[in-house]
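Computed from a predicted structure; not experimentally measured. Heavy atoms only: backbone and side chains are in, while hydrogens, waters and symmetry mates are out. Every chain is numbered from 1, with letters handed out A, B, ... down the list of sequences.
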There are 2 protein chains.
Amino acid sequence: MANTEAEFQDTVALSTRAVCSQCAFGELCFPHVLPVAFQILFPLAREKRIRLKRGEFLFHARDQQTGIYAVKAGFLKTCLPMPDGQSKIVGFLAMGDVLGLDGLDRRAHASDAIAMNGCEVCVISLDKFEKLLEHPVESVHVRQLLAREITRLGEHAAALGTLSAKQLVATFLLDMSRRWEDRGYSKHEFMLFMSRKEIGNYLGLTFETISRTLSYFQAKQWITMHAKNVLIRDMSALHSQVARASWGSAG
Amino acid sequence: MANTEAEFQDTVALSTRAVCSQCAFGELCFPHVLPVAFQILFPLAREKRIRLKRGEFLFHARDQQTGIYAVKAGFLKTCLPMPDGQSKIVGFLAMGDVLGLDGLDRRAHASDAIAMNGCEVCVISLDKFEKLLEHPVESVHVRQLLAREITRLGEHAAALGTLSAKQLVATFLLDMSRRWEDRGYSKHEFMLFMSRKEIGNYLGLTFETISRTLSYFQAKQWITMHAKNVLIRDMSALHSQVARASWGSAG
DNA sequence: CGGCCACTTGAGCGTACTCAAAACGCGTGG
DNA sequence: CCACGCGTTTTGAGTACGCTCAAGTGGCCG
């Protein structure tokens, strides 16, 4: 079990190769499955990487879009600026996740993308991206990425408007668990790569409520927490916590 | 001012032609701007329409996707089934809006689409749609539609997790206002085509809270309501209601 | 060691929910 | 035409969940 962030980062670094095979960019990074005409493009796409330090912006909302990105290593968050000047987290990104697709509408990003620690991000510039899209296979792939993001955000909105604090936090833990599992890690034992404050912002709750709820789950023996490390002891209890009846029908 | 739903529907019917020019399908319904090779496709797309009665489903969640749709007349809602069996409204659709794009990921719809009154929906079958996407112009158009939906859902999620009841209802009214304005109607005087219960479901509030909040806005002289008809008397007051400071920063 | 930040935990409060009753609109049928 | 029934909306009173404010702990780094 990774007990410190440094140790955890080592683990991540060691498994970078494995991560690539499950990266959402998929064949974008594996030229051999692409039509010959496009094999020229990808070495460039693979070369271009951006390194970010904690707190640095990959892009700002309203920036002109210059490319799309996939997380190679590290963690990022996407934030939407709110009318009151605050900013609201709408997504956490880990290795293999894709960013910047929301900019395809107006050619300008709708959100900020901020590194939560040291990050390495793969870039495909917009002109390369557009050439890429002339090919049906990649075009379908990109549409799937877009559609998946629509589904994810729809479910997130539905959750925020429907579920109680306990349900939201349980959902969040299960979601993190699944994401680690998808990447080949344990679904029972993993690290939350964000602060309580950030979880709260993401779930529409205060960090005190996050803290209290995690303590509650721990008191129930459903999880064990040490700082940011989670051990899920009773997955089904968390699931049944989510499925609890709540208000609001479609009318 | 439209005082009854029947009267309102007449208004809608009369302006169908105007609506088409602002339809999100855009050039899909206007073959003359398309490459010659595709002019064959669109007469078919234009022919195929579906008529729905109030309460009928255009498609169910988990249905295999057979096409994409644009609303020609009438109103629909998209609902996401929740784990507890309830269902949560994630979008209201009026003429010119597009549905079914969330299915492009798994080739199965993620949500239910339900007619809220008599509807007419334009259909493009999936195979025609895919042929269409071989063309760059239409392909870009579809990606823009997808990206716009991502932006919309992100903003909706952010609102649900951040704003108070008054802020949410004010935002909702302004959003409806803008949507009517985009379609060439008055932004000050329009009809809510959904019940208080449905607004509440959409905003993550109870219908009592919706009712109370609308009464509050009316007491403040910001709006006047008669049944489902809204008259906005002080747009800027609603705007400033939204911009009010609220909790939650990105940490 | 001291300062800082993230986190935990407690006590009190406020917003929005719950339950309830009554008014209203609308379609149906006598 | 009015009576009736049903669903929607309004409004009220009480409650509860999650926020606010606050104090205290623990870990990390200079």
Of B:Met194 and B:Arg212, whose closest DNA chain D nucleotide lies nearer the 5' terminus?
B:Met194
Looking only at side-chain N and O atoms, does [X] come under 4.0 Å of OP1 or OP2 in [N]?
X	N	answer
A:Arg196	C:dT8	yes
B:Ser164	C:dT15	no
B:Thr206	C:dC17	yes
A:Ser211	C:dT9	no

Would you say A:Leu231 and A:Ile223 make side-chain contact, with heavy atoms under 4.5 Å?
no
Expressed in angstrom and rounded to an integer, what is the separation of [X] atom [atom1] from [N] atom [atom2]?
X	N	atom1	atom2	value
A:Arg54	D:dC29	CZ	P	11 Å
B:Phe207	C:dC24	CZ	P	17 Å
B:Leu192	C:dG25	CG	P	17 Å
A:Asn229	C:dA6	CG	P	17 Å
A:Asn117	C:dA6	CG	P	15 Å
A:Leu203	D:dG18	CG	P	12 Å
A:Met225	D:dG27	CE	P	14 Å

Does NZ or CZ of A:Lys228 fall inside the cone over A:Phe193's six-membered ring, less than 6.0 Å from its centre and within 45° of the axis?
no
Any residue meeting salt bridge (charged side-chain N to carboxylate O under 4.0 Å, His left out) with A:Arg196, in chain and number order, not counting sequence neighbours
none
So if I take every side-chain heavy atom of B:Glu208 and compare against C:dT18, D:dC19, C:dC17, which nucleotide ends up nearest?
C:dT18
The side chain of A:Lys228 is closest to which nucleotide in this list: D:dC19, C:dT8, C:dA6?
C:dA6
Can you tell me if A:Thr78 and A:Asp112 form a side-chain donor-acceptor pair at under 3.5 Å?
no
